[in-house]
Each structure stands twice: as structure tokens, then as C-alpha cells.
Amino acid sequence: MNRIFSVLVLSYFSAQGQTITETFGSGASQFSINFVTIGNPGNAADETGFGSVAYTYNLGKYEISRDLINKANEAGGLGITLADLTNLGGNGGSRPATGISWYEAAKFVNYLNTSQNKQVAYKFDGNGNFDLWGAGQYSGSNQFRHKDAYYFLPNVDEWYKGAYFDPNKAGGAGYWDHPTGSDSEPNPVSGGTTAGTAVHLQPIEAGPADITNAGGLSPYGTMAQGGNVWEWNESAFDLINDTTMEIREKRGSDWDFYGLDTGAFIRGQGPPTNEDVWNGFRVASVPEPSSLSLLLAGGAALAAAWRRRKVD
């Protein structure tokens, strides 16, 4: 009995980075997004002040691709434009969606919600202009995100934790300097999935790598949170989220930047209208009460049964 319980506990900790696939749209416009579970709620921030998240959530394993944007445009009439990568490695569907403004990323996320009859995350008026949520519609001080949204852009702490936090770090849970589970700069590559690598220090004309071939994984199992393309965070650069046009945060660096720029202490920024060819994003979501919660419930029940048996 003791051995069975140990195996169950091990399975629970392995499930902290489990991959979940969610599907959107239908027919020719159907597409899927892979998420990893970011557990270990209530972790402390690091010395930068970032990374503390009080809840479990899901974070996109990969950056959003051009193909996903095209299919969402077809299904939802979103009108999101993409950068032309003809001279930057080509416009293949598996390349990351770049040339994306923060507002466009927010509209894509809203489509994910409405396609599943869920509450939109971000408020746009009848003319398509971004607006703030009113009292009772948002949590805490974050007027950008609706409190009942299921899919959303990761805020700076959600993004940061997925990139740099390691619940299994030797000596106790903690943070690494780079999103490859290391304090050393990642080895530069043009593509691949080798541990400790990231797509950086590449010629600008090479362009970014395909989203599933963009370097080694973070401790939680996300790819390309360092290198490939800069990723919009939900958060304003001043971290207050109370003005529609204020500067937004970007993280992670891109394919032609130095490895230093993948570091936890680097903060990028830009106006939410900016559509630079280096701008991309990934999405996050609330976790379903699925296999992880069932596993926890089963583990608790088994632990209780084992304790009773020991007492009896």
C-alpha cells in the first residue's frame, strides 16, 4: 500500500507540467493549442519581484502560429494582419505569428473564449477600440482582463513563472536566470529541441523557427520563452493596467538578439498598436477540473485509507 501511494504522489508531481490539448473552430478552420499546467500555487517572487502566482493555470506550450491566426480569421472574421516573412525565412503556417499588435493578440484570445461560449477577456467597443472593464467586472486592480475570462494573455507574473520557475530545482524550488532551466545563456541555434538551446544570435534574414522547433524547454515544458520572437504580456509596463493606450510589456527576446536578452531581468516594451515583425505571443487559460484534480482527490483518499490501515 505504501508503494502504491508513493507512485501516486510521484504521478501528481509529474502532472504539474502535463500537456493539455484544446480544440477550437470546426471544419477547415479547426485548430488546436497545446497547454502545460503551471502548478505549485503560492510560490514566492524572485529578487526581481516577479513570478509569484497564487493559483494553478495553463500556459501555452508554444507561441501562436501563423496557421492558427489564419484559421481564427476565417472562422471569426477577426481581420488580424500578419507580418510578411518572405525575406525572413518564409511564411510557413508553423512559423510564429508576428507583426501582431497587443490589441490583435487580445482579439484572438477573445475569439478563443467566444468560440466556446465563454466570457471574453478584453473589452472592445462597437468601433473596435480597446476599453477598460468597470467595477465588478475585473479582479484586483487589473482593469484589462474580465474576472470570468477563461482564455487570456499571460500577465507578467504568469509568463515569468512559466519561463523561469522550477519546482524541482536542486536545493528547493526556485528560479533560473534563463528559460531553459539554467543560469547560463542558452546555446544559440537556428532550430531544434535540444535542451539548453534557444533561437537567438541568428542572421536577421533567417527569421524565427517553427513554433515546435524553437529550442529547449523550460522546467515546466514550455518552448521559446527565450528567443524566437518577443512575446506580448497582458501587463502594462508600469504594472498598473489602468489606461487603454499605455505601454505594454514584452518578454523573451527574438531570433537575432543576444542570449543575454533571454534573461529574467530583461523587460521589453512597446505601445499596444505596435506591429513589429519581432512581436508574437502565447496564450494562457484557467485549468479545467480534470485529471489533475481527480488525481489529487484520489491521492488524498488513498492517503487517508493508508493512514487508517496503519492505525488499524
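Atoms considered below: every heavy atom in the structure, side chains included; atoms not considered: hydrogens, waters and symmetry mates.
Linking Ile, Leu, Val, Met, Phe, Trp and Tyr whenever their side-chain heavy atoms come within less than 4.5 Å leaves Leu239 and Ile247 in two separate clusters. Under the 4.5 Å side-chain heavy-atom criterion for grouping Ile, Leu, Val, Met, Phe, Trp and Tyr, Phe31 is connected to Val109 within one hydrophobic cluster. Under the 4.5 Å side-chain contact rule for hydrophobic residues, Val120 and Trp102 do not share a cluster. Val199 and Val277 fall within the same hydrophobic cluster, defined by Ile, Leu, Val, Met, Phe, Trp and Tyr side-chain heavy atoms under 4.5 Å apart, directly or through other members. Ile266 and Phe237 sit in two unconnected hydrophobic clusters of ILVMFWY residues. Membership requires side-chain heavy atoms under 4.5 Å apart, directly or through other members.
Closest approach of Gly259 and Pro186 over heavy atoms only: O-CD, 4.3 Å. Taking every heavy atom of both residues into account, Glu158 and Leu153 meet most closely at OE1-O, 4.1 Å. Of all the heavy atoms in Ser218 and Gly162, the pair that sits closest is OG-O, 3.1 Å. Ala54 and Pro41 make their closest contact through O-CB, 3.4 Å (heavy atoms, listed as atom of the first residue, atom of the second, distance). The two residues Ser101 and Pro272 come nearest to each other via the heavy atoms CB-O, 3.3 Å. Closest approach of Pro208 to Val229, counting heavy atoms only: CB-CG1, 4.0 Å.
Thr48 contributes no side-chain N or O that, together with a main-chain N or O of Phe265, makes up a donor-acceptor pair within less than 3.5 Å. Formation of a donor-acceptor pair under 3.5 Å by the Asn91 side chain with backbone atoms of Asp84 is not found in this model. In this structure, Asp67 contributes its side chain and Gly93 its backbone to no donor-acceptor pair below 3.5 Å. When atom types are taken as modelled, the side chain of Thr114 and the backbone of Asn117 share no donor-acceptor pair closer than 3.5 angstrom. Here the side chain of Arg95 pairs a donor or acceptor atom with the backbone of Gly90 at under 3.5 angstrom. In this structure a side-chain-to-backbone donor-acceptor pair under 3.5 Å is missing from Tyr138 to Phe144.
Through direct or indirect side-chain contacts shorter than 4.5 Å among Ile, Leu, Val, Met, Phe, Trp and Tyr, Met223 is connected to Tyr62, Ile211, Leu217.
Taking the side chain as every heavy atom from C-beta outward, Thr222 and Leu59 approach each other to under 4.5 Å. At least one side-chain heavy atom of Phe108 sits less than 4.5 Å from a side-chain heavy atom of Ile80. Between Ile33 and Leu68 the shortest side-chain heavy-atom distance falls below 4.5 Å. When side chains are defined from C-beta on, Leu132 does not count as touching Lys123, because their heavy atoms never get closer than 4.5 Å. By the 4.5 Å heavy-atom criterion applied to side chains, Val283 and Leu112 are counted as neighbours.
Gln30 and Thr23 share no side-chain donor-acceptor pair at under 3.5 Å. Inspection of the Tyr122 and Glu234 side chains reveals an N or O donor paired with an N or O acceptor under 3.5 Å. A donor atom on one side chain and an acceptor atom on the other are not found under 3.5 Å apart for Asn155 and Tyr160. Residues Glu63 and Asn228 have side chains that bring a donor and an acceptor to within less than 3.5 angstrom of each other. For the 3.5 Å distance criterion, the side chains of Tyr151 and Gln116 qualify, holding a donor opposite an acceptor.
Between atom CG of residue Leu82 and atom CD of residue Glu275 there is a gap of 9.5 Å, rounded to the nearest 0.5 Å. Once rounded to the nearest 0.5 Å, the distance linking CD1 of Ile100 with CH2 of Trp232 reads 11.0 Å. Distance check, rounded to the nearest 0.5 Å: CG of Asn40 to CZ of Phe165 gives 5.5 Å. Atom CD of residue Glu231 and atom CD1 of residue Ile64 lie 9.5 Å apart, to the nearest 0.5 angstrom. With rounding to the nearest 0.5 angstrom, the CG atom of Leu78 is 14.5 Å from the NZ atom of Lys71. Within the model, atoms OG of Ser52 and CG of Asp157 stand 6.5 Å from one another, a figure rounded to the nearest 0.5 Å.
For residues 235-255, the side-chain hydrogen bond (donor to acceptor under 3.5 Å, both in side chains) pairs, not counting sequence neighbours, are Asn142-Asn241, Trp230-Asp254, Glu249-Arg251, Glu249-Arg267, Lys250-Asn279. Residues in residues 186-213 take part in no side-chain hydrogen bond (donor to acceptor under 3.5 Å, both in side chains) pair, two or more places apart or across chains. Residues in residues 169-178 take part in these side-chain hydrogen bond (donor to acceptor under 3.5 Å, both in side chains) pairs, two or more places apart or across chains: Asn43-Tyr175, Asp166-Trp176, His178-Thr262.
Counting heavy-atom neighbours within 6.0 Å of Tyr55 OH, excluding the residue itself, gives a total above 12. The number of heavy-atom neighbours closer than 6.0 Å to CG of Asp125, taken from other residues, nucleotides and ligands shown, is above 12.
Ring pair Trp133/His146 is perpendicular by interplanar angle, where above 60° counts as perpendicular and below 30° as parallel.
Residues satisfying the ring pair (Phe, Tyr, Trp, His ring centres under 6.0 Å) test with Tyr111, not counting sequence neighbours, are none. Thr273 is linked by a side chain to side chain contact (heavy atoms under 4.5 Å, CB included) to Tyr103, Met245, Pro271, counting only residues two or more places apart in sequence or in another chain.
Aromatic ring centres of Trp159 and Phe281: separated by at least 6.0 Å.
Asn34 pairs in a side-chain hydrogen bond (donor to acceptor under 3.5 Å, both in side chains) with only one of the listed residues (Asn58, Thr19, Thr21), which is Thr21.
In this structure, Lys61 forms no cation-pi arrangement with Phe35, as its terminal cationic atom is not both closer than 6.0 Å to the ring centre and no more than 45° off the ring axis. Remark: Lys118 qualifies as a cation-pi partner of Tyr150 under the 6.0 Å distance and 45° angle criteria applied to the six-membered ring.
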Exercise. Decide yes or no on side chain to side chain contact (heavy atoms under 4.5 Å, CB included) for Glu22 and Ser285, but give the supporting numbers first.
Key: CA-CA 10 Å; Glu22 299 196 35; Ser285 73; 4.1 Å; yes

Exercise. Please step through side chain to side chain contact (heavy atoms under 4.5 Å, CB included) for the pair Ile38 and Thr56, ending with a clear verdict.
Key: CA-CA 6 Å; Ile38 310 296; Thr56 296; over 6 Å; no

